[in-house]
Amino acid sequence: MMDGVLVVRKEKGFTSHDVVAKLRGILHMKKIGHTGTLDPEAEGVLPVVLGKATRLVDMLTEKEKTYETVLRLGIETDTQDMTGQVLKELPVQISEEKLKETVESFLGEQQQIPPMYSALKVNGKKLYELAREGKTVERKARPVTFYKIQIMEMDFPLIKLEVTCSKGTYIRTLCHDIGQKLGCGGCMEELLRTRSGQFTLEDSLTLDEIQKLMQQGKLEEHLSGIEEILENYPIVRCTEMADRLLENGNPVGENLTEAGCREGWVRMYTSREKFIGIYQWHGSSASYRPVKMFL
């Protein structure tokens, strides 16, 4: 049984679920999960958690991600990428200055409406299932953040972008929205995820490479261990008063920790330096709550 994170370079034609299914066959283990869906036609970094590291899924999914994408101006499709049905074609008469200005307007916090062709659920049914039935339902805009959007190449109507964004962001929706704002329409032609949190394309392995390393008995050399991943998270120690609460898996209030409130995920220790597990600050209840603890 292996415990840790394996960085897969997902290839075109596979869903994230396909990758997990194939790894179960290669590694001969069931306890495997992925940390962020990639569309079948997208490529790139897909961190996969193995064994005890499956408890890290929520933490790793929250990390920001970086993509390289090709935006095709002048075309709108029902899927917001080139795999869909073309709904509209328009001439592209846009200056470089106007393009740069429009792209930069998406930086920072935005409200993004998820596409109909997505795995989000409405009333228990996935949106893409409704879309395939020819149905369109209202979707609530969701907050997302674009930390960086850089134009890498311009060869109208194709624009290559590098995008760093928060979790839950749809890059094809960004391409669609840029096209809408320019007035000529747009959709995503290509997508490559180059980074997910601390994991990069340089760290990644294809399924074929993973299979060869497994046969050679060398795959564990390419795993990031649980301790290695957790070392980037801050430490919070409890006071003696909270040790019993902590060891029984109960929430711990801010006044029962030496460090006080630290936002987000932390490594929680007793006053006697015993590591208890991963906790997350819940501002609404003013306490740290255990998250699938590592005991």
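Numbering starts at 1 and runs along the sequence shown.
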Within the structure provided, determine whether Met82 and Arg72 are in side-chain contact (heavy-atom separation under 4.5 Å). yes
Is it true that Leu107 and Ile151 fall in one hydrophobic cluster, defined by side-chain heavy atoms closer than 4.5 Å? yes
Reported CG-to-NZ distance for the pair Leu205 and Lys212, which is rounded to 0.5 angstrom: 11.5 Å
Non-hydrogen side-chain atoms of Arg172 and Glu189 separated by less than 4.5 Å: no
Apply the test salt bridge (charged side-chain N to carboxylate O under 4.0 Å, His left out) to residues Lys160 and Glu68: give CA-CA distance (whole Å), side-chain angles for both, the deciding distance (0.1 Å), then the verdict. CA-CA 7 Å; Lys160 188 173 184 180; Glu68 290 180 5; 3.7 Å; yes
Considering all heavy atoms of both residues, which atom of Leu38 and which atom of Glu43 are nearest to each other, and what is their separation? CD1-O, 3.9 Å
What's the verdict on side chain to side chain contact (heavy atoms under 4.5 Å, CB included) for Val137 and Leu127, showing C-alpha distance, side-chain angles and the deciding distance? CA-CA 8 Å; Val137 297; Leu127 285 175; 3.5 Å; yes
Tell me whether Leu213 shares a hydrophobic cluster with Val8, the cluster being built from Ile, Leu, Val, Met, Phe, Trp, Tyr side chains joined at under 4.5 Å. yes
Residue pairs passing the side chain to side chain donor-acceptor pair (under 3.5 Å) test with at least one member in residues 1-17, sequence neighbours excluded, are Thr15-Asp18
What's the verdict on side chain to side chain contact (heavy atoms under 4.5 Å, CB included) for Lys274 and Glu247, showing C-alpha distance, side-chain angles and the deciding distance? CA-CA 9 Å; Lys274 178 183 176 183; Glu247 290 181 332; 3.8 Å; yes
For atom CZ of Arg24, is the number of surrounding heavy atoms from other residues, nucleotides or ligands below 6.0 Å larger than 12? yes
Go through the steps to decide whether Thr66 and Val163 satisfy the test side chain to side chain contact (heavy atoms under 4.5 Å, CB included), and finish with yes or no. CA-CA 6 Å; Thr66 299; Val163 181; over 6 Å; no
Six-ring centre of Phe106, Lys181 cation under 6.0 angstrom, axis tolerance 45°: yes
Taking 4.0 angstrom as the limit, do Glu64 and Arg195 come out as a salt bridge? yes
Are Arg237 and Tyr269 close enough, and set up right, to give a side chain to side chain donor-acceptor pair (under 3.5 Å), and what steps lead you there? CA-CA 5 Å; Arg237 293 178 177 84; Tyr269 285 76; over 6 Å; no
Is the distance between the ring centroids of Trp281 and Tyr288 under 6.0 Å? yes
Check: Lys126 side chain, Val122 main-chain N or O, donor-acceptor pair, under 3.5 Å: no
Restricting to non-hydrogen atoms, name the atom on Ile94 and the atom on Cys184 that form the minimum distance, rounded to 0.1 Å. CG1-SG, 4.2 Å
Minimal non-hydrogen separation, Pro251 against Ser287, with atom names: CB-OG, 4.0 Å
I need the Asp81 CG to Cys175 SG distance, nearest 0.5 Å. 9.0 Å
When you measure from the side chain of Asp203 to the backbone N and O of Thr200, does any donor-acceptor pair fall under 3.5 Å? yes
I'd like to know if the side chain of Glu209 reaches the main chain of Thr206, judged simply by a donor and an acceptor atom lying under 3.5 Å from each other, with no hydrogens or angles considered. yes
Heavy atoms, side chains only, cut-off 4.5 Å: are Asp208 and Ile210 in contact? no
Leu246 and Met268 have their tightest heavy-atom pair at CD1-CG, 3.3 Å
Using a 6.0 Å cut-off, check whether atom CD of Gln180 has over 12 heavy atoms from anything other than its own residue. yes
Begin with the C-alpha distance, continue with both residues' side-chain angles, and end with the deciding distance and a verdict on side chain to side chain contact (heavy atoms under 4.5 Å, CB included) for Glu153 and Ile159. CA-CA 6 Å; Glu153 296 175 20; Ile159 313 299; over 6 Å; no
Spacing of Tyr128 atom OH and Asp39 atom CG [to the nearest 0.5 Å]: 11.5 Å
Over all heavy atoms of both residues, which pair between Ile26 and Gln211 is shortest? Give the atoms and the distance, please. CG2-CA, 3.9 Å
Got a second to check how far Glu138's CD is from Met116's CE, nearest 0.5 Å? 11.5 Å
Quick check: do Leu27 and Ile32 have side-chain heavy atoms less than 4.5 Å from each other? yes
Does the side chain of Tyr117 reach to within under 4.5 Å of the side chain of Asp78, using non-hydrogen atoms? yes
Could you measure the distance from the OG atom of Ser105 to the CZ atom of Phe146? Nearest 0.5 Å is fine. 10.5 Å
Exceeds 12 heavy-atom contacts within 6.0 angstrom, atom CD1 of Ile113: no
For Gln112 and Tyr170, indicate whether the former's side chain and the latter's backbone hold a donor-acceptor pair under 3.5 Å. yes
Got a sec: does the CD of Glu240 have more than 12 other heavy atoms crowding it under 6.0 Å? no
Nearest-0.5 Å distance that lies between atom OG1 in Thr173 and atom CD1 in Ile178: 11.0 Å
Mind checking whether Thr145 and Gln110 have side chains closer than 4.5 Å, heavy atoms only? no
Given the rule that I, L, V, M, F, W and Y join up when any side-chain heavy atoms are under 4.5 Å apart, are Leu50 and Val20 in one cluster? yes
Cluster link Ile75 to Val92, ILVMFWY, side chain under 4.5 Å: no
Check whether more than 12 heavy atoms from other residues, nucleotides or ligands sit under 6.0 Å from atom CE of Met154, and answer yes or no. yes
Within a strict 4.5 Å, meaning less than it, do heavy atoms of the Ile171 and Cys165 side chains meet? yes
Any sub-3.5 Å donor-acceptor pair from Thr35's side-chain atoms to Pro47's backbone N or O? yes
Pro114 side chain reached by Arg142 side chain, heavy atoms, under 4.5 Å: yes
Counting only heavy atoms from other residues, nucleotides and ligands, does the tally under 6.0 Å from CD of Glu273 exceed 12? yes
Greater than 12 external heavy atoms within 6.0 Å of Gln215's CD: yes
Identify the heavy atoms of Tyr147 and Ser166 that sit nearest to each other, and give their distance. CE1-N, 3.6 Å
Transitive ILVMFWY side-chain link Ile226 to Phe275, under 4.5 Å: yes
